[in-house]
Structure formats: structure tokens, C-alpha cells
**Student:** 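I'd like to ask you about the structure that follows.
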Amino acid sequence: MSGKTLYDKIWEAHLVQRREDGTSLIYIDRHLIHEVTSPQAFEGLRLAGRKPWRADANYATPDHNIPTTRDERAQGLEGIKDPVSKIQVSTLDDNCREFNIFELGMNDLRQGIVHVVGPEQGITLPGMTIVCGDSHTSTHGALGALAHGIGTSEVEHVLATQCLMQKKMKNMLVRVDGQLRTGVTAKDIVLAIIGRIGTAGGTGYTIEFGGEAIRNLSVEGRMTVCNMAIEAGARAGLVAVDQTTLDYIEGRPFAPKGAMWDEAAAAWSQLVSDEDAQWDAVVELDAADIEPQVTWGTSPEMVASVNGTIPDPSQEKDETKRQNIEQALKYMGLQGGTAIRDIKLDCVFIGSCTNSRIEDLREAAKVVAGKRKADSVELALVVPGSGLVKQQAEAEGLDKIFEAAGLEWREPGCSMCLAMNADQLGAGKHCASTSNRNFEGRQGFGGRTHLVSPAMAAAAAVHGHFVDVRDLG
Amino acid sequence: MKKFNQETGIVLPLDRANVDTDFIIPKQFLKSIKRSGFGVNLFDEHRYLDKGEPDADNSKRPLNPDFVLNQPRYAGASVLLARDNFGCGSSREHAPWALDDYGFRAILAPSYADIFFNNCFKNGLLPIVLPRDVIDALFDEVEANPGYSLTIDLPAQEIRKPDGTVLNFEVDSFRKQCLVEGLDDIGITLQDSDKIREFESQWRTTAPWYFTTP
Ligand code: SF4
């Protein structure tokens, strides 16, 4: 018998029932909730006269709609100008109250983007199954948890039954061997992976990220990688548990303590794929080959090295690909053959569940320290992922560094990652963004997004166009 | 859930790969706490020339005449013909809600993003996977024949073309049963409540650290 992957192990441990055609019920340990994808699910429960199966397995926080300026935030719910957004946030509060669900409300210091808050609080633990009505739930896989995004019907299903109905995915291993070069980060790794396998490359798989370069990442960096597993088409990403994982979790508010910690840590240490595990697909990258990445198009797979050029559609032989490139360049207002460094920027956004943790902010601050943003950059936002990240950053004086450089320091939330609140990218504007999606209109109607690492975004803020962070010395 | 047995309808071709959920329904419409009414904002950024807002009067907005949905020959379409990786991006179920609300009942594409694919089945919408060359041929036929329609027969797993030829398709048996009978997933799962309870009590013993609250 061949060995098992980490995914196989977590799946099997949670299997409640398997039907003949493979449709299975798997038990869900944690369900994370935010305001956008939950109201219809709670309404469904109410209409059917159902109650949550296990209220204490649910954790909620509002993040997508909430304002990020200090003044608006200080006013609480009243600070949300858009009446529709306000209803959505207050509906979450009401639902949590009615169904007895733990919520970190918008003015709780611990509030933040749900995927930043879960790991930070120790709500996310290794070996768990975690779901949330949000595709970037894959982030939590960085701690060795099986975490998927689900739709609203499934949110209701999990609330009502504590189970998810699913078929098992296939196993993909993405191994990044060797060592990253200085200035190259987790974000560049994952963009390079997506550039290699494409946005549908991981469809139908759970991707485990392994290899020396992944093991050398902090848990924050691993979260950046797993966060974008969905951008490679995979519903879940995973990193095996090691000492780095355990060190990260120990002492977090919701993590087990004392004797139970010892037992749990011993069990979690087993959460690795077996040496002889069977993979349905294996992709290998050499970390030393990865350069800082910049997306130039309207899909995360449209990515190049900062020292590269935008592809020339006339050179593309595949008809469909050529059309895709043409469509993307038309939307982006860019010419094929242009050097990535020559892309001019109007905006910079540092934030989102991909890159808004303390380590990300430190990297960005290092680049802008003692410098000024370019005059051509109209708006540069730095949005911490949670209230606790914000507090830590302020304790380290990072807010002052950003403000001295002309960047705005905001309150935690999703902000301009998807622009459901007032933080919107203007039509035709180019934005260097540390978020995860560069789809048409993602950061605002007509806005043009370039996905990069925090250090690259910060360098772009200073120079007004892309530069290789490694040249800054 | 709405049942799906047979559907005959005009086919609307959306000739574009990697159509993401922002394309299907832009984020400003996600602020609604309802499940219905998203049809008028389906493909909003391409269908209209201005920016849509949740409370706008859509009947007054300028239409984009070049967008396929606005071409009279496809009026009343209920079958969407699409390209690879349809529905990629966010998990928003507003995407299938908008397609359903507009009047689509089935989608034909070479591949879909996982979460979207799954969300369709929960809403009585049938996403069918067909080989790329079959999809290519359908695009040509739709283009060449105004009023082109298909009959999709789920129980028989057949698509009948106007010329009488038949295409077969695969669908997972459990999902098919749910669609044909209009079964509600939660109801089905709750029939196994005892099994869930049994699993839960055993799991509480094996992994008590997942059940603590501080
Ligand atoms: S930060 Fe962006 S990607 Fe992450 S949960 Fe919020 S909106 Fe989604």
C-alpha cells in the first residue's frame, strides 16, 4: 500500500459518510462568517425553522464593506455611508446575536479580514476542516488545515448540519526547491506558480506546497502562497505542519493550552504527507529562478518578471490565447512589447488577505523609509489586515514611516482589494496592488490592477513606475 | 430547489475564456441581503455602458449594443454557451443567482471553476462539460443560425440539436438525482443526523482541542 498525502489524511479523519458515487459528507470543525455571503444563508435557516448544528463552531467578523478611514470607523455603524452596506453589516450583527454566534464586531480591536483574524486568534488550527463563504479560505491551509471556500447554499448547509457535501479532490504537489534570492518573496513564488500552471491548472485538485523554499517561509509567507491557491484553480492549498507552524500557534487566544497543547502538538506533528504518497500531479520550480513578479493583464496568470516585457499578441500562435491577450491589453490600456518597468502607476494598495500581515507591512515600510511617494502617484493606501496587526505596526512606528512617505494609514478591512466600500480605484487608473485578483473592475469600475509583493508595491509608490526591489540595495 | 428535467431554449454564445464572477455579477450588487433580483445586473459591466449601482433604475441605463446579451437574436435565451474556466474567481453564489434570475437554465462549456460549478447545482442550474471541439462546433452553429436552440434532457443525459443529432453528457449521479427531483441538500443530509452525531462524539474524544472555547 502506498502512503497518504496530508490531504488524504485530513479528509479521511473527517469523513462521516461516503455514497457510492463518491459524494461524501465531511465534518467541519470551524466555520468562518462575514457579512457578504451569509445573510441569505441565515434567512434560509430561519425560513426552514432550523438552528445552527453547533453554534460554537462558528466565528464571524465583518470585513468586506466597512470603511477604513479613522473618522468613519470611530462612528461605528453610523460611519458606513452606503445604506446598503450598512444593512449588510448590521444584519451580520443581528444574525450572530439571534443564533448565538461569536462575532468580532467592526469596532472590536481584534476585528479584521476574516482570513487574517482566524490564524491570528488561533481559531485556525492544524488538521482542522475549515470553511467560509469566501474563496480565499484557502489561506488557512498554511497551518496544515483543510480549508475551502464555499457558496452561500453551502454556508447554510454547514450551519444546519456541521457537514459539507463534497467529492474528494485529486492531489497535486507543487514543490519549490532551493532558496529564494534576496528581495523575492512568497507573493512572487505564488505568482510564478500561477504563471506556470495557469488559473485553471489546479482545478479539481488540492495543492500541497512543499520544498525547501516553502519550508523556509514564515507562516505569514505560507498564508500568502495558500491564499492564491484559488487563483491557480484549487479550492484548497496546504502546507505540512512543522516546528514553524507550532511556534506560530502556541499561545494564541483560541489555541489549546497546558496539557492539551502538548497532546495536540504531538498529534499535529504527524500532519505531513508520507514519503511514498501518491500524487496525481507534481509541479517543480527552482526558487533561485524566481524574480519579482508583476501582472500585466486581467488574470493572475498574465504575469511576468519585473525585468520582462508585456507579451506581443502578434507573436502568439494559439488563436484563443492571442484573443485573451488582446482583450486584456485593451482593457489595461497597454501595448504588447512594453517593458514592465515602464508601466506608470497612479495608485498603490498595500493590504488584503494576501499581504496585510505584520511581516508584509514591515517589508513595505523598509522600502519607503526616508523616501517620498512619487508625485504622479495620486493615492497610496496601506490597510492592515486586522486591528491587532495595526496595533503592532503602530508599536513599531510603521504608521509614521508610511505617513512620512505620503502613504495613507487606514483601519483594517478588505478595502480596495475588491472595493465594496468607498476605497475604489478610478477608471483607467493603474494600481500596484498586493491583493490577489486583477480581474476587470475588481478594484473599481474600469480600474487596472497589477499584482505584486508588498516590497514591489512600496517601491512602485516611490518611483511612480515598477522597479526591481533588488536594485534598491 | 427548482427541478430540472428537460429544457428547450435559445443558445447565447459568450465567446470569452476565464469569465470570472466579477464579470458575471460585479461586487456592488453583493451588498444585497436577498437572493433574487440579480438578473438585470447579470454581466453588468459589459451589458451597460455606465457603471451600475444596486438601487439604479436599470431601464434608463445605456446598453452596450456590441454585447451579445443585447442582440435581439438572442432574446429569451436559456442556454449559455461558454468557454474554458467559466465562473473563476470568488465563491459568490450571486453568480448563479444572477444567471438563474435572468432566465438561464443550463450552461455548456469545456471547463468550469470548482466553486462556481458546485454553486450551480445548488440553484437548479445545470452546468454541462463538453469537449472543446464540440463547444467550438456549437459556437459556429449558433453563429450561423439565428434562433438556434437546443433541448437538454437531463434524465436521458442528452442534448438534442436542431438537426436531430444528439450529444451525450456526463453528470454525477447524486447531483442529477437532486436536480431531477428538486431535492434540498440540507434535508438529505439531516436524514443522516445520527451518523453525524456519532462521528462528532467520537471526534470529540480523538481531537478534543477542536472543541474547546476559551
Ligand atoms: S481581502 Fe480581498 S480577497 Fe481577501 S477576503 Fe477581503 S475581499 Fe476577499
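Note that the structure is a prediction, hence the values are computed from the model and not measured.
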**Student:** Would a 4.5 Å heavy-atom cut-off, applied to side chains only, mark B:Thr212 and A:Met260 as touching?
**Tutor:** yes
**Student:** Do the charged groups of A:Arg50 and B:Asp184 touch, with an N to O distance under 4.0 Å?
**Tutor:**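 A salt bridge links A:Arg50 with B:Asp184.
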**Student:** Looking at A:Gly44, A:Ser299, A:Ser85, which has the largest count of heavy-atom pairs under 4.5 Å with chain B?
**Tutor:** A:Ser85
**Student:** Quick check for you: among B:Phe211, B:Phe116, B:Phe23, B:Phe174, which has the greatest number of heavy-atom pairs under 4.5 Å with chain A?
**Tutor:**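 Looking at each of B:Phe211, B:Phe116, B:Phe23, B:Phe174 in turn, B:Phe174 comes out on top.
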**Student:** Looking at B:Thr206, B:Asn18, B:Asn123, B:Asn118, which one has more heavy-atom pairs under 4.5 Å with chain A than the rest?
**Tutor:**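 Top count of heavy-atom pairs under 4.5 Å with chain A: B:Asn118.
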**Student:** Within a radius of less than 6.0 Å around CD of B:Glu170, do more than 12 heavy atoms belonging to other residues, nucleotides or ligands occur?
**Tutor:**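 Counting other residues, nucleotides and ligands, CD of B:Glu170 stays at 12 neighbours or fewer.
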**Student:** A:Gly444 and B:Lys27: which non-hydrogen atoms are nearest, and at how many Å?
**Tutor:**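 Minimum heavy-atom separation between A:Gly444 and B:Lys27: N-NZ, 3.9 Å.
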**Student:** Could you look at B:Lys34 and say if it's the side chain, the backbone, both or neither that has a heavy atom under 4.5 Å from chain A?
**Tutor:**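 Backbone of B:Lys34 only, per the 4.5 Å heavy-atom cut-off to chain A.
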**Student:** Could you tell me if the side chain of B:Lys31 sits less than 4.5 Å from the side chain of A:Asp82, heavy atoms only?
**Tutor:** yes
**Student:** Using non-hydrogen atoms and a 4.5 Å limit, figure out which bit of B:Pro208 sits close to chain A: side chain, backbone, both or neither.
**Tutor:**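 Both backbone and side chain of B:Pro208 come within 4.5 Å of chain A.
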**Student:** Give, for atom CG of B:Asp185 and atom CE of A:Met165, the distance between the pair rounded to the nearest 0.5 Å.
**Tutor:** 4.5 Å
**Student:** Might you point out which heavy atoms bring B:Leu190 and A:Ala160 nearest each other, and give the distance in Å?
**Tutor:**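 Scanning both residues, the minimum pair turns out to be CD2-O, 3.9 Å.
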**Student:** Check A:His157 against B:Thr189 and note the closest heavy-atom contact, atom names and distance.
**Tutor:** NE2-OG1, 2.7 Å
**Student:** Please say whether more than 12 non-hydrogen atoms of neighbouring residues, nucleotides or ligands are located less than 6.0 Å from NZ in B:Lys60.
**Tutor:** no
**Student:** Give, for atom CG of B:Asn119 and atom CD of A:Glu154, the distance between the pair rounded to the nearest 0.5 Å.
**Tutor:** 6.0 Å
**Student:** Just give me the residue among A:Thr37, A:Val155, A:Ile123, A:Ile150 that pairs up with chain B most often, heavy atom to heavy atom, under 4.5 Å.
**Tutor:**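 Winner by heavy-atom pair count: A:Ile150.
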**Student:** Please test B:Ile33 against A:Glu43 for side chain to side chain contact (heavy atoms under 4.5 Å, CB included), starting from the C-alpha separation and ending with a verdict.
**Tutor:** CA-CA 9 Å; B:Ile33 57 170; A:Glu43 187 60 17; over 6 Å; no
**Student:** Between A:Glu20, A:His64, A:His136, A:Lys167, which residue shows the highest count of heavy-atom pairs closer than 4.5 Å to chain B?
**Tutor:** A:Lys167
**Student:** Taking atom CD1 of B:Ile196 and atom CH2 of A:Trp53, what is their separation to the nearest 0.5 Å?
**Tutor:**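 If I round to the nearest 0.5 Å, the distance is 4.5 Å.
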**Student:** Specify which of B:Arg175, B:Glu198, B:Glu200 makes the most heavy-atom pairs with chain A at under 4.5 Å.
**Tutor:** B:Glu200
**Student:** Please classify the contact of A:Thr91 with chain B as side chain, backbone, both or neither, using a heavy-atom distance under 4.5 Å.
**Tutor:** side chain
**Student:** Tell me, side chain or backbone of B:Asp44 under 4.5 Å from chain A's heavy atoms, or both, or neither?
**Tutor:**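 Looking at B:Asp44, nothing touches chain A.
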**Student:** First locate atom CD of A:Gln17, then atom CG of B:Asp192, and finally report the distance between them rounded to the nearest 0.5 Å.
**Tutor:**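 Output value for this atom pair is 4.0 Å.
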**Student:** For atom CG of A:Asp94, is the number of surrounding heavy atoms from other residues, nucleotides or ligands below 6.0 Å larger than 12?
**Tutor:**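 Buried by this count: over 12 neighbours within 6.0 Å.
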**Student:** Is the count of non-hydrogen atoms from other residues, nucleotides or ligands lying under 6.0 Å from B:Arg132 atom CZ greater than 12?
**Tutor:** no
**Student:** Is the side chain of A:Arg437 donor-acceptor paired with the backbone N or O of B:Gly89 at a distance under 3.5 Å, no angle test?
**Tutor:**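 Checked: pair present.
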**Student:** Give the ring-plane orientation class for B:Trp209 versus A:Trp268, where under 30° counts as parallel, over 60° as perpendicular and anything between as tilted.
**Tutor:**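 Rings of B:Trp209 and A:Trp268: perpendicular, as their planes differ by over 60°.
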**Student:** For A:Glu301, is it the side chain, the backbone, both, or neither that has a heavy atom closer than 4.5 Å to a heavy atom of chain B?
**Tutor:** side chain
**Student:** Restricting to non-hydrogen atoms, name the atom on A:Gly233 and the atom on B:Asp114 that form the minimum distance, rounded to 0.1 Å.
**Tutor:** O-OD2, 3.8 Å
**Student:** Pick whichever of B:Trp97, B:Trp203, B:Tyr112, B:Phe117 has the most heavy-atom pairs under 4.5 Å with chain A.
**Tutor:**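 If we count pairs closer than 4.5 Å to chain A, B:Trp203 comes out on top.
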**Student:** Can you tell whether the side chains of B:Arg35 and A:Glu156 come within less than 4.0 Å, N to carboxylate O?
**Tutor:** yes
**Student:** Taking A:Gln40 for the side chain and B:Ser32 for the main chain, is one N or O donor matched with an acceptor at less than 3.5 Å?
**Tutor:**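 Present.
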**Student:** Can a side-chain donor-acceptor contact be found between A:Ser153 and B:Glu93 if the only test is distance below 3.5 angstrom?
**Tutor:** yes
**Student:** Can you say whether A:Ala267 sits under 4.5 Å from chain B via the side chain, the backbone, both, or neither, judging by heavy atoms?
**Tutor:**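 Just the side chain, heavy atoms under 4.5 Å.
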**Student:** Between A:Ser135 and B:Ser90, which heavy-atom pair has the shortest distance, and what is it?
**Tutor:** OG-CA, 3.6 Å
**Student:** Any idea which of A:Ala427, A:Gly133, A:Ala57, A:Ala13 has the most non-hydrogen atom pairs under 4.5 angstrom with chain B?
**Tutor:**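 Ranked by heavy-atom pairs under 4.5 Å with chain B, first place is A:Ala13.
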**Student:** Please classify the contact between A:Gln121 and chain B as side chain, backbone, both or neither, with a heavy-atom cut-off of under 4.5 Å.
**Tutor:**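 Contact with chain B is absent: no heavy atom of A:Gln121 under 4.5 Å.
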**Student:** Under 4.5 Å, counting heavy-atom pairs only, tell me which of A:Pro39, A:Gly151, A:Cys163 racks up the most with chain B.
**Tutor:** A:Gly151
**Student:** Say you draw a straight line from NZ of B:Lys176 to CG of A:Asp21; how long is it, rounded to the nearest 0.5 Å?
**Tutor:** 12.0 Å
**Student:** Are B:Asp22 and A:Arg442 close enough for a salt bridge, meaning some N to O gap below 4.0 Å?
**Tutor:** yes
**Student:** At a heavy-atom separation under 4.5 Å, does B:Thr21 approach chain A through its side chain, its backbone, both, or neither?
**Tutor:**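 Contact with chain A: none, neither part.
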**Student:** Is it the case that the side chain of B:Arg92 and the backbone of A:Asp134 share a donor-acceptor pair, with hydrogens and angles ignored and the cut-off at 3.5 Å?
**Tutor:**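 No, because the side chain of B:Arg92 does not come within donor-acceptor range (under 3.5 Å) of the backbone of A:Asp134.
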**Student:** For the atom pair CZ (B:Arg16) and OG1 (A:Thr320), what is the distance rounded to the nearest 0.5 Å?
**Tutor:** 13.5 Å
**Student:** Side-chain contact, heavy-atom cut-off 4.5 Å: B:Ser91 with A:His148?
**Tutor:** no
